[in-house]
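Working notes, structure below.
So you know, we letter chains A, B, ... as the sequences are listed, proteins then strands, and number each from 1.
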Amino acid sequence: MSDSLVFHFDVDGDNFTSAGQASTQVKKNLRQLGLSPAIIRRVSIAMYEGEINMVIHANGGTADVVVTEEYIEIVLRDSGPGIKNVEEAMQEGFSTATDSIRSLGFGAGMGLPNMKRYTDSMKIDTVVGEGTTITMRVNLN
Amino acid sequence: MKISMIRDLLDAEVLCCEESLDNDVYSACGSDMMSDVLAYVKDQAVLLTGLVNPQVIRTAEMMDMVCIVFVRSKRPSEAMISMAEDDGIVMMATEKRMYDACGTLYINGLIGAKAVHV
């Protein structure tokens, strides 16, 4: 694997049923590359949580995954409402999700903390009213 | 514990992937909140839940789980069964409630996974 591989996905914000399809595809792609199951699981869980967040809070967006020899980078971009208080949003249990979202099994305030937990680095760029970009990396070595 | 024993202990109906009933599993978790499943447990093979939507299967897939048990007589849609079939995940449904189902499996040797963060 000498060159970087790039996967791009559009995440549909109108369809909760299809949320997670991009993460599922990335997991399959990483398996084909022969990466370790532990790495694949960390990447796919972090991306899956991010994908769910985009659908719940931001009416979808895009996901780009770059695989290099050193790391896997996941960039999630949306044009949603932005995050008013990132520090607060990073606390386990904090959520602005509605009861209807909770009834679907999400919105427990674990999404962002889980994304941070499963990656080696996570950066949140957010502007209220404009959108959010989250960049996560999982190191391969 | 073999997956077939889970079926027997819970008097459950197998909905797909019967060919995998002879596989062994060593731990399980029970939750209706998928983010909690994704956060607090790892290396568990069985998910017991009363939640019925496609994200249950996606969560199990992300966690490399091999069996989903729907409690309280919940029934997944045909589309969900098809998804699980594609992923090779055994799905079954039991009339037992969550507490009873988890307790039954636990006392018969299927422990919970350690709450270990990666």
Original post:
Given side chains that start at C-beta, do those of B:Leu51 and A:Phe106 come closer than 4.5 Å, heavy atoms only?
Top reply: no
Original post:
By a 4.5 Å heavy-atom criterion (distance strictly below it), what part of A:Ile52 contacts chain B: side chain, backbone, both, or neither?
Top reply: side chain
Original post:
Mind checking whether A:Val75 and A:Met136 sit in one hydrophobic cluster, side chains of I, L, V, M, F, W, Y counted as touching below 4.5 Å?
Top reply: no
**OP:** Indicate if B:Met65 and B:Ile3 have the same hydrophobic cluster label, given that clusters are the connected sets of ILVMFWY residues with side-chain heavy-atom separations under 4.5 angstrom.
**Re:** no
Original post:
B:Gln55, B:Glu61, B:Met80: which one forms the most heavy-atom pairs within less than 4.5 Å of chain A?
Top reply: B:Gln55
**OP:** With a 4.5 Å cut-off on heavy-atom pairs, point out which of A:Met47, A:Met110, A:Arg102 contacts chain B the most.
**Re:** A:Met110
Subject >> Residues, nucleotides or ligands: over 12 heavy atoms within 6.0 Å of A:Arg31 CZ >> reply: yes
Original post:
Can you tell me how far OG1 of B:Thr59 sits from CD of A:Glu49, rounded to the nearest 0.5 angstrom?
Top reply: 8.0 Å
**OP:** Give a yes or no on whether B:Lys74 atom NZ has more than 12 heavy-atom contacts from other residues, nucleotides or ligands under 6.0 Å away.
**Re:** yes
Original post:
Under a 4.5 Å heavy-atom cutoff, which of A:Pro113, A:Gly107, A:Ala19, A:Ser23 has the most pairs with chain B?
Top reply: A:Ala19
**OP:** Please look at A:Ser103 and chain B and tell me whether the side chain, the backbone, both or neither of the residue comes under 4.5 angstrom of a heavy atom of that chain.
**Re:** backbone
**OP:** Considering only heavy atoms and a distance below 4.5 Å, find which of B:Val52, B:Asp87, B:Asn53, B:Val56 pairs most often with chain A.
**Re:** B:Asn53
**OP:** Determine whether more than 12 heavy atoms belonging to other residues, nucleotides or ligands lie under 6.0 Å from atom CD of B:Glu95.
**Re:** no
Subject >> Contact class of B:Asp32 relative to chain A, heavy atoms under 4.5 angstrom >> reply: backbone
Original post:
How many angstroms lie between atom CG of B:Asp64 and atom NZ of A:Lys27, to the nearest 0.5 angstrom?
Top reply: 3.5 Å
**OP:** Tell me, for A:Tyr48 versus chain B, whether the close heavy atoms (under 4.5 Å) come from the side chain, the backbone, both or neither.
**Re:** side chain
Original post:
Closest approach of A:Gly111 and B:Ser35, non-hydrogen atoms and distance?
Top reply: N-OG, 4.4 Å
Original post:
Which atoms form the tightest heavy-atom contact between A:Thr17 and B:Pro54, and what is the distance?
Top reply: CG2-CG, 3.6 Å
Subject >> Exam field: side chain B:Arg58 to backbone A:Thr24, donor-acceptor pair closer than 3.5 Å >> reply: no
Subject >> B:Met62 and its side-chain contact (heavy atoms from CB on, under 4.5 Å) partner, picked from A:Ile40, A:Ile45, A:Val43 >> reply: A:Ile45
Original post:
How far apart are the closest heavy atoms of A:Ala108 and B:Asp36, and which atoms are they?
Top reply: CB-OD1, 4.5 Å
Original post:
Are A:Leu30 and A:Ile74 in one and the same hydrophobic cluster, where Ile, Leu, Val, Met, Phe, Trp and Tyr link if side-chain heavy atoms are under 4.5 Å apart?
Top reply: yes
Subject >> Part of B:Thr49 lying under 4.5 Å from any heavy atom of chain A >> reply: neither
Original post:
Is it true that B:Val25 and B:Met63 fall in one hydrophobic cluster, defined by side-chain heavy atoms closer than 4.5 Å?
Top reply: no
**OP:** Treating Ile, Leu, Val, Met, Phe, Trp and Tyr as nodes and any side-chain heavy-atom pair under 4.5 angstrom as an edge, say whether B:Met92 and B:Met98 lie in one connected cluster.
**Re:** yes
